[in-house]
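Side-chain atoms are counted along with the backbone in the values below, which use heavy atoms only and exclude waters and symmetry mates. None of the values given here were measured: they were computed from a predicted structure. Just follow the structure's listing: the first ligand is 1, and inside any ligand the first atom is 1. We're numbering straight along the sequence, starting at 1.
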Amino acid sequence: MKISIRDNLLDIEEKINKALIRAGREGEKVHLIAVTKTVDVDRINEAIRLGITDIGENRVQELVKKYDIINYKVKYHMIGHLQTNKVKYLIDKVSLIHSLDRMSLAKELNKRAQKHGIIIDTLVQVNVADEESKFGLRVEEVIPFIEDVQDYEHIRIKGLMTIAPFVEDKEEVRWVFRRLRQLSEEIKGRGYENVDMEFLSMGMTNDFEVAIEEGSNMIRIGTAIFGERK
Ligand SMILES: *Cc1c(COP(=O)(O)O)cnc(C)c1O
């Protein structure tokens, strides 16, 4: 069966709106990031023509390559683990890095952003469920980390990101999203400089509706837009 990106996007939009209503957040904005890893450029261009404005990649090489050949002006999000030695390739191409998770990376981002005369927007990645297979800081490490990163004038922390464990029953991960939301409220309350908690990047194909019910305003969707990855 041929995958209709148009139908998929309409379906997602409807689900977003219904989840917002359930959460008492009717009409609020949820940023939809189309995750385009392994997706070919023709289909990415099609999605952009249908209204996609933000795309997410998890590998630097793929992001940089697509940046050069995609015909349209869109925002690029780095959503995957970022090796320090690759920062220089993407620093001037990305709108938001979702995977800030260690001081060595913060240091390199600050250095490269300074070189380009920019301030780089980032989210702190949190491994809420403390899964061994996942990157990200543990919940209790986040506030001390943010306090340290504050000294870097070329980094702005715009919020938090998490990847929930993959489960059949989405109710099982509701607490993960709730916990990240609480953490962001706590950070907001502390009023740090260079830090705002504008974005909560949580929710993927399998769990975005629950994530929105728990306060997400940025979802990262691949499969539900483009179909299963090969
Ligand atoms: C692949 C990926 C997604 C999208 O996953 P889907 O289940 O295909 O929607 C979201 N976030 C990250 C970090 C990813 O690597």
Side-chain angles (χ1 to χ4, degrees), residues 3-16 19 30-41 43-44 46-48 50-66 74-83 86 90 94-102 105 121-137 158-170 172-174 176-177 180-181 199-230:
I3 287 158
S4 164
I5 295 174
R6 180 192 299 271
D7 290 348
N8 289 348
L9 288 173
L10 287 171
D11 184 54
I12 292 164
E13 190 182 298
E14 189 180 319
K15 286 178 172 156
I16 292 172
V30 174
H31 298 269
L32 171 61
I33 298 170
V35 176
T36 51
K37 59 192 184 199
T38 78
V39 176
D40 59 71
V41 169
R43 287 195 301 151
I44 300 173
E46 185 186 344
I48 296 169
L50 290 165
I52 287 295
T53 55
D54 291 71
I55 71 175
E57 286 283 343
N58 67 340
R59 286 158 173 250
V60 172
Q61 211 179 350
E62 202 174 335
L63 187 152
V64 168
K65 188 176 140 207
K66 284 173 177 164
V74 285
K75 290 182 178 158
Y76 291 79
H77 296 251
M78 178 59 190
I79 61 172
H81 180 64
L82 180 51
Q83 284 173 265
K86 296 201 171 146
L90 96 180
V94 284
S95 298
L96 187 62
I97 293 172
H98 293 230
S99 47
L100 177 57
D101 62 355
R102 58 195 192 281
L105 179 59
D121 284 344
T122 62
L123 305 179
V124 175
Q125 183 173 352
V126 189
N127 184 359
V128 177
D130 212 356
E131 289 180 282
E132 257 183 52
S133 59
K134 297 230 167 88
F135 291 102
L137 295 167
K158 299 289 291 178
L160 305 175
M161 177 273 223
T162 198
I163 305 170
F166 186 84
V167 290
E168 282 290 320
D169 178 5
K170 295 158 213 174
E172 280 178 36
V173 289
R174 184 179 290 280
V176 170
F177 301 129
L180 196 71
R181 164 73 188 270
F199 301 122
L200 261 185
S201 169
M202 55 187 198
M204 309 174 23
T205 291
N206 192 48
D207 55 23
F208 72 91
E209 293 166 271
V210 176
I212 291 169
E213 286 169 18
E214 294 301 331
S216 170
N217 62 7
M218 187 173 266
I219 57 175
R220 312 176 306 267
I221 308 282
T223 311
I225 299 175
F226 299 107
E228 292 288 345
R229 283 180 290 276
K230 275 155 234 128

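For CZ of R102, the number of neighbouring non-hydrogen atoms (other residues, nucleotides, ligands) closer than 6.0 Å is greater than 12. Crowding of E131 atom CD: a count of heavy atoms from other residues, nucleotides or ligands under 6.0 Å exceeding 12.
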Distance dump, ligand 1 polar atoms to protein, N/O, under 3.5 Å:
{"unit_1": "ligand 1", "atom_1": "8 (O)", "unit_2": "T223", "atom_2": "N", "d": "2.8"}
{"unit_1": "ligand 1", "atom_1": "8 (O)", "unit_2": "T223", "atom_2": "OG1", "d": "2.5"}
{"unit_1": "ligand 1", "atom_1": "8 (O)", "unit_2": "R229", "atom_2": "NH1", "d": "2.8"}
{"unit_1": "ligand 1", "atom_1": "8 (O)", "unit_2": "R229", "atom_2": "NH2", "d": "3.2"}
{"unit_1": "ligand 1", "atom_1": "9 (O)", "unit_2": "T205", "atom_2": "N", "d": "3.1"}
{"unit_1": "ligand 1", "atom_1": "9 (O)", "unit_2": "T205", "atom_2": "OG1", "d": "2.5"}
{"unit_1": "ligand 1", "atom_1": "9 (O)", "unit_2": "G222", "atom_2": "N", "d": "2.8"}
{"unit_1": "ligand 1", "atom_1": "11 (N)", "unit_2": "R220", "atom_2": "NE", "d": "2.9"}
{"unit_1": "ligand 1", "atom_1": "15 (O)", "unit_2": "K37", "atom_2": "NZ", "d": "2.6"}

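Using a 4.5 Å cut-off on side-chain heavy atoms (C-beta onward), F135 and N127 make no contact. At a threshold of 4.5 Å between non-hydrogen side-chain atoms, the residues M218 and M161 do not count as touching.
Considering CD of E62 and OG1 of T38, their distance stands at 6.5 Å, rounded to 0.5 Å.
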Side-chain donor-acceptor pairs under 3.5 Å in residues 74-82, sequence neighbours left out?
{"unit_1": "H77", "atom_1": "ND1", "unit_2": "H98", "atom_2": "NE2", "d": "2.9"}
{"unit_1": "H77", "atom_1": "NE2", "unit_2": "D54", "atom_2": "OD2", "d": "2.7"}

